[in-house]
There are 2 protein chains.
Amino acid sequence: MAGAIADPVRRQILVLLKDGRLAAGEIAERFAISRPAVSRHLRVLRESGLVRAELVGRQRFYSLDPEPFTGLAAWLAQFVRPSGWEHHLDALETEVYRTRRERRSGAESREEHTA
Amino acid sequence: MAGAIADPVRRQILVLLKDGRLAAGEIAERFAISRPAVSRHLRVLRESGLVRAELVGRQRFYSLDPEPFTGLAAWLAQFVRPSGWEHHLDALETEVYRTRRERRSGAESREEHTA
DNA sequence: GGAAAGCGTAACCTATTAGTTACGCTTTTC
DNA sequence: GAAAAGCGTAACTAATAGGTTACGCTTTCC
């Protein structure tokens with residue numbers, strides 16, 4: 001996931017998709033690189049779950065899947081101080097975790113390990 | 001910046017520094033890889049502004065610079081659904097829990113669900 | 001002053017990544 | 001049914017990333 005966002009082309013693709021779904025060709029023609037190159041970027045985005053493909057005829061429409069972003073946002077929230085909804089995330093974190101733990105009482109006691 | 005957090009070792013270093021400053025050696029001994037390898041990760045983090053080094057005697061203390069995180073957080077905010085607390089909670093629960101668990105186990109080997 | 005501690009850098013090797021061209025498979029169009 | 005449109009995949013190449021060992025520079029310690 002974090003690796004998927006590391007590439008500038010992929011980040012740009014995500015921004016493009018923010019306005020709605022686009023066919024693979026429509027995405028590709030907005031970049032200087034070859035179409036297969038874009039196609040593989042799309043595959044990376046697909047495999048990391050950031051994007052979903054929808055087959056319509058011979059076209060492949062790509063659209064954002066916002067869910068995985070939340071994970072990174074939550075991770076990032078550790079480092080960002082109080083502002084916006086990230087703060088809410090941070091505040092919720094403890095609560096949510098506690099609830100979870102209580103719910104699944106007594107399983108999986110993963111221990112620390114300094115590899 | 002985005003490239004800096006793409007690497008799991010570097011992400012882990014950032015998490016370590018969340019609790020306060022650490023000398024280069026203290027950081028390095030928490031990883032299985034060689035000290036020079038960690039040293040170069042630290043350089044990447046330094047050059048991307050996520051971390052700052054402070055020379056004390058023959059030691060180099062590293063500490064977080066939280067400011068650059070805000071930029072990525074802002075970029076990321078574009079993609080997170082702005083509506084629906086319920087949705088947030090539901091979607092976040094798993095992620096937040098996962099983050100917590102990673103924080104405790106210190107390893108982080110997940111993060112690839114490859115649809 | 002010399003040994004050792006603490007870190008960074010250099011040189012080198014390998015695995016991964018991002019790009020290219022060539023090609024093949026469906027679906028539409030005429 | 002043949003041509004063309006739309007996309008993905010394969011094979012290959014060049015660049016980059018991340019790891020290792022060897023080494024050099026300061027600072028502390030005796």
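All values below were derived from every heavy atom in this structure, side-chain atoms included, with hydrogens, water molecules and symmetry-related copies excluded. Labels below follow one simple rule: chain letters A, B, ... track the order of the sequence lines, proteins then strands, and each chain is numbered from 1.
- The residue Ala23(B) sits close only to the backbone: its heavy atoms come under 4.0 Å of sugar-phosphate atoms, none of a base.
- With rounding to the nearest 0.5 angstrom, the CZ atom of Arg11(A) is 11.5 Å from the CD atom of Gln78(B).
- Considering all non-hydrogen atoms of both residues, Phe79(A) and Pro66(B) come closest at O-CB, 3.6 Å.
- In terms of phosphate contacts, Tyr62(A) brings no side-chain nitrogen or oxygen within less than 4.0 Å of OP1 or OP2 of dG6(D).
- With rounding to whole Å, Arg10(A) atom CZ is found 13 Å from dG19(C) atom C1'.
- Straight-line distance from the CD atom of Glu26(B) to the P atom of dA5(C): 16 Å, rounded to whole Å.
- Among the heavy atoms of the strands, none lies under 4.0 Å from Phe61(A).
- For the pair Ile33(A) and Ala53(B), both in contact range of DNA chain C, the more 5′-proximal nearest nucleotide belongs to Ala53(B).
- Between Leu76(B) and Ile5(A) the shortest side-chain heavy-atom distance falls below 4.5 Å.
- Between Leu45(B) atom CG and dA17(D) atom C1' the separation is 14 Å, expressed in whole Å.
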Pick out the pairs of N or O atoms, protein on one side and nucleotides 21-27 of chain D on the other, that lie under 3.5 Å.
none

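- In this structure, OH in Tyr62(A) is found 12.5 Å from CG in Leu14(A), a value given to the nearest 0.5 Å.
- The side chain of Asp7(A) lies closest to dA18(C), out of dA18(C), dG18(D), dT20(C).
- Rounded to whole Å, atom C1' of dG8(C) lies 18 Å from atom CD of Glu54(B).
- Note: CZ (Arg21(A)) to P (dC7(D)) measures 12 Å, nearest angstrom.
- Between Asp65(A) and Arg52(A) there is a salt bridge, with a side-chain nitrogen of the basic residue lying less than 4.0 Å from a carboxylate oxygen of the acidic one.
- Closest to the Arg60(A) side chain, of the nucleotides dC7(D), dA18(C), dG8(C), is dC7(D).
- Summarising the geometry, the separation between CD on Gln59(B) and C1' on dA4(C) is reported as 14 Å, rounded to the nearest angstrom.
- One interatomic measurement links the two molecules: CZ of Phe31(B) to P of dT20(D), which rounds to 13 Å at whole-angstrom precision.
- Rounded to a whole Å, the CD atom of Glu47(B) is 15 Å from the C1' atom of dG18(D).
- Counting all heavy atoms, side chain and backbone alike, Ala53(A) lies closest to Arg60(A) at CB-CG, 4.5 Å.
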May I have the step-by-step check of side-chain contact (heavy atoms from CB on, under 4.5 Å) for Ile27(A) and His41(A), ending in yes or no? CA-CA 11 Å; Ile27(A) 297 173; His41(A) 280 303; over 6 Å; no
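- Across dT9(D), dA18(C), dG19(D), the shortest atom-to-atom separation from the side chain of Arg40(A) is found for dA18(C).
- At a threshold of 4.0 angstrom between heavy atoms, the contacts of Arg43(A) are confined to the sugar-phosphate backbone, with no base atom among them.
- Among the nucleotides dA18(C), dC7(D), dG18(D), the one closest to any side-chain atom of His41(B) is dG18(D).
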